[in-house]
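What follows is a set of notes on a single structure, which appears directly below.
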Protein chains: 2
Amino acid sequence: MKTLRLNSNDRAVLLGSRFFEKLSAAASDAILEGAVVSNHEEHDILFHQDEPVDSVFCVSSGLVRVYRLGKDGREADIAVFPRGEIFGENAMFLGNRATANAQAVESSMIARLDSRNLRRLAEQHPDIAQALMELLCRHGQMAEDCLAEDRLLTAPQRVASYILGHCPDGSTTFSFRLPFQKNVLAGKLGLAPEALSRAFSALRRSGVTVKGRMIEIHDRQALERF
Amino acid sequence: MKTLRLNSNDRAVLLGSRFFEKLSAAASDAILEGAVVSNHEEHDILFHQDEPVDSVFCVSSGLVRVYRLGKDGREADIAVFPRGEIFGENAMFLGNRATANAQAVESSMIARLDSRNLRRLAEQHPDIAQALMELLCRHGQMAEDCLAEDRLLTAPQRVASYILGHCPDGSTTFSFRLPFQKNVLAGKLGLAPEALSRAFSALRRSGVTVKGRMIEIHDRQALERF
DNA sequence: AACGTAAATTGACCTCGATCAAACAATTCT
DNA sequence: AGAATTGTTTGATCGAGGTCAATTTACGTT
């Protein structure tokens, strides 16, 4: 695993992300100043819960899973971050300790921004502070959404909700490719892989076709009713 | 329900809260400038999901439950806020729309801070922005903790974890009074009241005594092992 | 194309917690 | 105090989803 400065592709990915979109080029440059990027193989651990962490992380390519460990060794996914997403920012506000584990789900390029630098910039530039607040808020919302879905929806309903989240508003029929293995989707939805599989086959009766990673929806309404 | 300016007691409660603790008196005064407080009866709804909200809320006295509604009418608690806690700040960053419902669990005094004012202050004062970021982070963590516990722990384990959260570090034996009805605790832990009841009786075998709202722990280790 | 490995599916079983109903306890009200 | 209301516990039943084992399918490699 080598650590390098960002190349132009890394920069482009990060700058195109939600976090940077409202920031000026100058502000973005200041944040990325001194950032490094490193390559991680599938299953590599990026940080462990309770470990000191003095960076904020950003997925330049690949996929990262953030999860907690139960004392029996079972794992609970908190979030899954695809290319362009920032994660690990919580440690910045909690004594530089990670509150979860992070693992590369596939071979990934991970950028690291120095959190001291970011904190200093946030003090000086209200728009950076604002961007950070929006990031924290989005991540809080993600967790709340997840919690509410876990508590309110059955497995097939959660899967239906996930699919609908990928459906453009107007269309009644559409298809898309899962951005990761079903494995990972199951974890993200808080399900065992077997349960995800059964959920898909339950949805088949409502016009959902699954072939490998391809998902086809034939009747949006039926899904919404589910 | 009358709306008034804050009295000295309200101010004292808010200023003693986590959010204000690191802020200067001047900063706190500026935030509380124009704040109003109103009385709400048990079960009063403070705001509904998707409704426009242009305040940040603070519990001056009483108890507030934040929850989402499933389409079948079932409710899932996201968080419960006791006296001194701030809530509803998410709407500030999401187009002034509430992402959940909030309800007074008991007769409560609720302070309302103007969110435009707060946003403006955060732009001008880095320490206020910092306090907001810490608030957002704590609330995000709360949701993540909850999610992880839901996914990793059984009902009795969640209850044990809740009890241990109230146990001072050193002591092996101690007791405390539940800060709200079992009803509410059940919701907070994502359980039906019956399940909470059964969880308590399962813990009885591990040295937990429950009499009304009083909880007594006789063997901390046993609880931790559970 | 064929092989080997890893992922996904299916079936059988079992546990946990939701739900419904009823008994019981604790408050509040008169 | 006694009645009425509300909260809590207990019992019985049921269904959702976890786990384990056995296939089947998909995919990367040669």
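The chains referred to below are lettered A, B, ... by the order of the sequence lines, with proteins before strands, and numbering in each begins at 1. Below, all heavy atoms of this structure are taken into account, side chains as well, without hydrogens, waters or symmetry copies.
- Taking only side-chain atoms of S201(B), from C-beta outward, the nucleotide of dT10(D), dG18(D), dT10(C) with the closest atom is dT10(D).
- Note: CD (E42(B)) to P (dT28(C)) measures 10 Å, nearest angstrom.
- In this structure, the CG atom of L152(A) is 12 Å from the P atom of dA18(C), given to the nearest Å.
- Under 3.5 Å, the side chain of E194(B) and the base of dC20(C) form at least one donor-acceptor pair of N or O atoms.
- Salt-bridge annotation for R151(B) and D77(A): absent, with no side-chain N of the basic residue lying under 4.0 Å from a carboxylate O of the acidic one.
- Under a cut-off of 6.0 angstrom, the local environment of CZ in R204(B) is crowded, with over 12 non-hydrogen atoms contributed by other residues, nucleotides or ligands.
- Taking atom CD of Q181(A) as the reference point, atom P of dT9(C) lies 11 Å away to the nearest angstrom.
- Of the candidates dT9(C), dG17(C), dG18(D), dG17(C) carries the atom nearest the P156(B) side chain, counting heavy atoms from C-beta on.
- Summary of the strand contacts: K211(A) and G190(A) both lie near DNA chain D, and taking for each the nucleotide with the nearest heavy atom, the more 5' one is attributed to G190(A).
- If you measure from atom CG of L196(B) to atom P of dC16(C), you get 17 Å, rounded to the nearest angstrom.
- Between L113(A) atom CG and S55(A) atom OG the span is 7.5 Å, to the nearest 0.5 Å.
- If you measure from atom CZ of F200(A) to atom P of dG17(D), you get 14 Å, rounded to the nearest angstrom.
- dA26(C) atom C1' lies 12 Å from atom CZ of R177(B), rounded to whole Å.
- Each of A192(A) and K182(B) lies near DNA chain D, and the nucleotide nearest K182(B) is the one positioned closer to the 5' end.
- Judged by distance alone, with hydrogens and angles left aside, R198(B) brings a side-chain donor or acceptor within reach of the base of dG11(D), the pair sitting under 3.5 Å.
- Ion pairing between a basic and an acidic side chain is recognised when a charged N comes within 4.0 Å of a carboxylate O; D145(A) and R68(B) show such pairing.
- Rounding to whole angstrom units, CG of residue D72(B) and C1' of dT19(C) are separated by 13 Å.
- Not a single donor-acceptor pair, N or O on each side, falls under 3.5 Å between the base of dT25(D) and the side chain of R213(A).
- Of the possible polar contacts, none joining the R83(B) side chain to the V59(B) backbone as a donor-acceptor pair under 3.5 Å is found.
- Of the candidates dC16(C), dT19(D), dA18(C), dC16(C) carries the atom nearest the T154(B) side chain, counting heavy atoms from C-beta on.
- Rounded to an integer number of Å, the gap from L189(A) CG to dG17(D) C1' is 14 Å.
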